[in-house]
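Here's the structure, in structure tokens; my notes come after.
Index from 1, following the sequence.
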Amino acid sequence: MADWRDPGPGSVGVVGTKTWTFAEPPHALLLECGRELGPVTIAYETYGTLNAAKDNAILVVTALSGDAHAAGYHEGDDKPGWWDVLVGPGKGIDTGRYFVVCSNVIGGCMGSTGPASVNPATGKPYGLSFPMVTIRDMVEAERALLDHLGIGRLAAVIGGSMGGMQVLEWAVRYPDRVALAIPVATTARMSAQSIAFNEVGRQAIMADPDWRGGEYYGLSVPARGLAIARMVGHITYLSEFSMHEKFGRRLQDKAEYGFEFSTDFQVESYLKYKGDSFVKRFDANSYLFLSKACDYFDLARSHGGGSLKAAFAGVKSRFLVVSVSSDWLFPPSASVELVTALRQNNVEVVNKEIKSDYGHDAFLLESEDLQDLIRTKLAGDPPVRHDASPASGAFQVTGNDPDAQVISGHALTDPLGPEGKQAFDLVEPGSRVLDLGCGEGDLLRALKVAKQVRAEGIELDDASIQACVRKGLNNVHHGDLNEGLAGYADGCMDYVILTNTIQVLHKPMFLIREMARVGKKCIVAFPNFGHWRLRLGLLFGGRMPKSRRLPHEWYDTPNIRLLTVEDFRSFCRDAGLTVLEEIPLRTSAGGTTRRPRWLPNLRADVAVFLLEGGAGKAGPK
């Protein structure tokens, strides 16, 4: 096991915590509550080297119980910093390329000024006389620290949970200072349930006789109350599945129930251990103040007059919004709310949901997906050669391979196929496009490069989202199409595209109506199950047919809707959709694509329909 003596090649090695003091009277820090605080000491650590241009800095902001020690080892420690899985040479936040700053928040107890600090006016610890701090105040202190370090603009600011709240505040409050904002497992405002859990923890602390109204310094600390607060909080950081897998109903050091109020179950022992260990490193009053700061956080109220869209109106950062599938403290729906408001302001945003059973804490544990995404987003868009005008972005075929497609000098990693080519040709240059089930993003990439469209995509597959980000697609969102397009306004897109996806949907009528609501025009492409080869295969073979385009067996096929060209015509009539153009396509064995002039339902192996959106011309351009 690695420790400070042998940290390993991926570690920043042995590090130390620094402090810096500012806001010396009479220049105190004015807090959001209206009170002043000064002097203020900030504890922080740095990793890597700040370049001459001072434009390679990344700020890592902490969760409620975090400290400045994000990576590497302190001398004598056998455990690294709390986000060592992410920060270090060659990791997602590569300290070989970036200068990383991590500071402890004000109000905390890990070296920064907080309620346990000495009040210069009394010579005693602040206790409850410490002023109420907010997320905004934490960001103001971090901004002062960066000014002290000579850092004007951040390559990125990243944090999870309460740290994610700080990321949002940074992006809104200082839009010119943040290039990339990465809020992880967080929310724009605390829910009533989350506030309730925090209040239970605070009441447990204040009910402890040793709390003494916050004046316990130099005496016995309110250990029982703080331990209970941590136990309650820790339950919200896990998931029911992870607790079942880790503990179930297994007993702790016994074979039978004790029939007394001792520790019977392993989960009880675990929570007590977490509570007891927390007491040794954290201050009870800091827990009160920081949990209340989280409760007060409401980005829409503080910056948008109650509107989250208005709060993000001045944002200039790119965004990577990350949620955890099993997080019930700040569920993925909280991230979707953020993404919707950002999209409404035309902010470039990638939304990724980490699939994990570990609950809220997964952002500290599940590092592989997060590392790849962060590494790619920090690298920025791949260089684009604009060697074609927007109107001339036609496909070129190179060499002997008809699928070796090139758009404006850019080879596609995967061929689009005949339906992708046709969708590409139908889209007008400079338009706004939403691709549903965008896969690895080749169609969107082609449209972005050759026709300068504003490209957005929705995709469910994790690996495909990673591929999209690598291709410089900065508006790709993790989503299930069966849930519709509720985050999109009527007529907000010029084109909504659905290629080779309708046949796998559970509710195709619902989604296509949503497409028609959101898009002024809709492009729907699908394999034609009425093709003569498929008919003959079923007629003479007696088995569900397969083909080059439909290679699956009946028991492992993703296709649950087997439709034909005629089926979709009838579908459009029933749904009241106007078909602007019907394009049947027939692909030969050599890869040549033609439009059959007669009997398309029999001869076409794929069909592309251009539909008029329900919003028509009334939608915004």
Checklist entry - OG1 of T376 to CD1 of I465: how many Å apart, nearest 0.5 Å? => result 12.5 Å
Checklist entry - So, for A116 and P125, which heavy atoms are closest and what is the spacing to 0.1 Å? => result O-CB, 3.8 Å
Item to check | Side-chain donor or acceptor of D480 paired with backbone N/O of L460 under 3.5 Å | outcome: no
Item to check | Approximate separation, where rounding is to 0.5 Å, of F197 CZ and I235 CD1 | outcome: 7.5 Å
Checklist outcome for this item: T263 and S269 have their tightest heavy-atom pair at CG2-N, 3.6 Å
Next on the checklist: Keeping Y73 on the side-chain end and P7 on the backbone end, is there a donor-acceptor pair under 3.5 Å?
Outcome noted: no
Next on the checklist: Is it the case that the side chains of S191 and Q193 hold a donor-acceptor pair, with the cut-off being a distance below 3.5 Å and no angle test?
Outcome noted: no
Next on the checklist: Nearest 0.5 angstrom please: N104 CG to T41 OG1, how far?
Outcome noted: 11.0 Å
Item to check | Sidechain N-carboxylate O distance under 4.0 Å for D276, K280 | outcome: no
Checklist entry - Can you list the steps and then say if T46 with F99 is a side chain to side chain contact (heavy atoms under 4.5 Å, CB included)? => result CA-CA 7 Å; T46 63; F99 179 67; 3.6 Å; yes
Checklist outcome for this item: Taking every heavy atom of G214 against every heavy atom of N285, the minimum-distance pair comes out as O-ND2, 3.1 Å
Checklist entry - Could you walk me through whether F319 and V178 pass the side chain to side chain contact (heavy atoms under 4.5 Å, CB included) check? => result CA-CA 10 Å; F319 267 77; V178 180; over 6 Å; no
Checklist entry - Could you give the distance from SG (C109) to CZ (R281), rounded to the nearest 0.5 Å? => result 8.0 Å
Item to check | Close side-chain approach of S194 to L329, heavy-atom, < 4.5 Å | outcome: yes
Checklist outcome for this item: Output for pair (S323 OG, H478 NE2), nearest 0.5 Å, gives 7.5 Å
Checklist entry - Hey, does Y358 have a side-chain heavy atom less than 4.5 Å from the side chain of S325? => result no
Checklist entry - Is any side-chain heavy atom of N56 less than 4.5 Å from a side-chain heavy atom of L50? => result yes
Next on the checklist: Can you confirm whether K18 is buried at NZ, in the sense that more than 12 heavy atoms of other residues, nucleotides or ligands lie under 6.0 Å from that atom?
Outcome noted: yes
Item to check | K352 vs D372, salt bridge (charged side-chain N to carboxylate O under 4.0 Å, His left out): CA-CA, chis, key distance, verdict | outcome: CA-CA 12 Å; K352 176 67 167 64; D372 288 344; over 6 Å; no
Checklist entry - Quick check: does any side chain N or O of S11 sit under 3.5 Å from a backbone N or O of G8, one acting as donor and the other as acceptor? => result no
Item to check | Under 3.5 Å: donor-acceptor pair, side chain of D327, backbone of G359 | outcome: no
Next on the checklist: Could you check whether any side-chain N or O of R318 sits under 3.5 Å from a backbone N or O of V350, counting only pairs where one atom can act as donor and the other as acceptor?
Outcome noted: no
Checklist entry - Within a strict 4.5 Å, meaning less than it, do heavy atoms of the E142 and V139 side chains meet? => result yes
Checklist entry - Hey, is CZ on R301 packed in by over 12 heavy atoms from elsewhere, all under 6.0 Å? => result no
Item to check | Residues K377, E348: salt bridge by 4.0 Å N-O rule | outcome: no
Checklist entry - Is there a donor-acceptor contact under 3.5 Å from the side chain of N345 to the main chain of K309? => result yes
Checklist entry - What distance separates R173 CZ from E140 CD, expressed to the nearest 0.5 Å? => result 4.5 Å
Item to check | Distance under 6.0 Å and angle within 45° of ring axis: K274 vs F278 | outcome: no
Next on the checklist: T17 vs H74, test: side chain to side chain contact (heavy atoms under 4.5 Å, CB included). Steps then yes/no.
Outcome noted: CA-CA 8 Å; T17 302; H74 285 166; 3.4 Å; yes
Checklist entry - Are side-chain N/O atoms of T134 and E32 paired as donor and acceptor at under 3.5 Å? => result yes
Checklist entry - Any donor and acceptor pair, going by atom type alone, linking the side chain of Q166 with main-chain N or O of T62 inside 3.5 Å? => result yes
Item to check | For P183 against V167, the heavy-atom pair lying closest together | outcome: N-CG1, 3.7 Å
Checklist entry - Do L128 and W211 come within less than 4.5 Å of each other through their side chains, counting heavy atoms only? => result yes
Checklist entry - Would you call the rings of H148 and W20 parallel, tilted or perpendicular, where under 30° means parallel and over 60° means perpendicular? => result parallel
Next on the checklist: Hydrogens and angles aside, do S302 and R136 bring a side-chain donor and acceptor to less than 3.5 Å of each other?
Outcome noted: no
Checklist outcome for this item: Across all chains, not counting sequence neighbours, the salt bridge (charged side-chain N to carboxylate O under 4.0 Å, His left out) partners of D298 are none
Item to check | For P222 against A284, the heavy-atom pair lying closest together | outcome: CG-CB, 3.6 Å
Checklist entry - Any Lys/Arg nitrogen of E353 or K355 sitting under 4.0 Å from an Asp/Glu carboxylate oxygen of the other? => result yes
Next on the checklist: Tell me whether the rings of F282 and Y287 are parallel (<30°), tilted (30 to 60°) or perpendicular (>60°).
Outcome noted: perpendicular
Checklist entry - Is there a donor-acceptor pair closer than 3.5 Å between any side-chain N or O of E268 and the backbone N or O of D264? => result yes
Next on the checklist: Could you check whether any side-chain heavy atom of T113 comes within less than 4.5 Å of a side-chain heavy atom of F130, counting everything from C-beta outward?
Outcome noted: yes
Checklist entry - Passes side chain to side chain donor-acceptor pair (under 3.5 Å), D208 versus Y216? Steps please. => result CA-CA 11 Å; D208 190 323; Y216 54 82; over 6 Å; no
Next on the checklist: With a 4.5 Å cut-off on side-chain heavy atoms, are Q466 and V469 touching?
Outcome noted: no
Below 3.5 Å, can you tabulate the donor-acceptor pairs from side chains in residues 149-165 to any protein atom, sequence neighbours excluded?
from : atom 1 : to   : atom 2 : distance (Å)
R153 : NH1    : D176 : O      : 2.9
S161 : OG     : H360 : NE2    : 2.9

Checklist entry - Checking R212 side chain against D210 main chain: does a donor-acceptor pair fall under 3.5 Å? => result yes
Checklist entry - Just by distance, do the side chain of R343 and the backbone of G487 share a donor-acceptor pair under 3.5 Å? => result yes
Item to check | D147 with R177: basic N within carboxylate O range, under 4.0 Å | outcome: yes
Checklist entry - Below 4.5 Å, heavy atoms only, C-beta onward: do V85 and L365 meet side chain to side chain? => result no
Checklist entry - Any chance NZ of K79 has more than 12 other-residue heavy atoms, nucleotides or ligands included, within less than 6.0 Å? => result no
Checklist entry - Which pairs count as side-chain hydrogen bond (donor to acceptor under 3.5 Å, both in side chains) when at least one residue sits in residues 80-96, sequence neighbours excluded? => result D84-K91
Checklist entry - How close do Y270 and H234 get, heavy atom to heavy atom, and via which atoms? => result OH-NE2, 2.7 Å
Item to check | Derivation of the side chain to side chain contact (heavy atoms under 4.5 Å, CB included) call for V15 and Y47 | outcome: CA-CA 8 Å; V15 297; Y47 322 107; 4.0 Å; yes
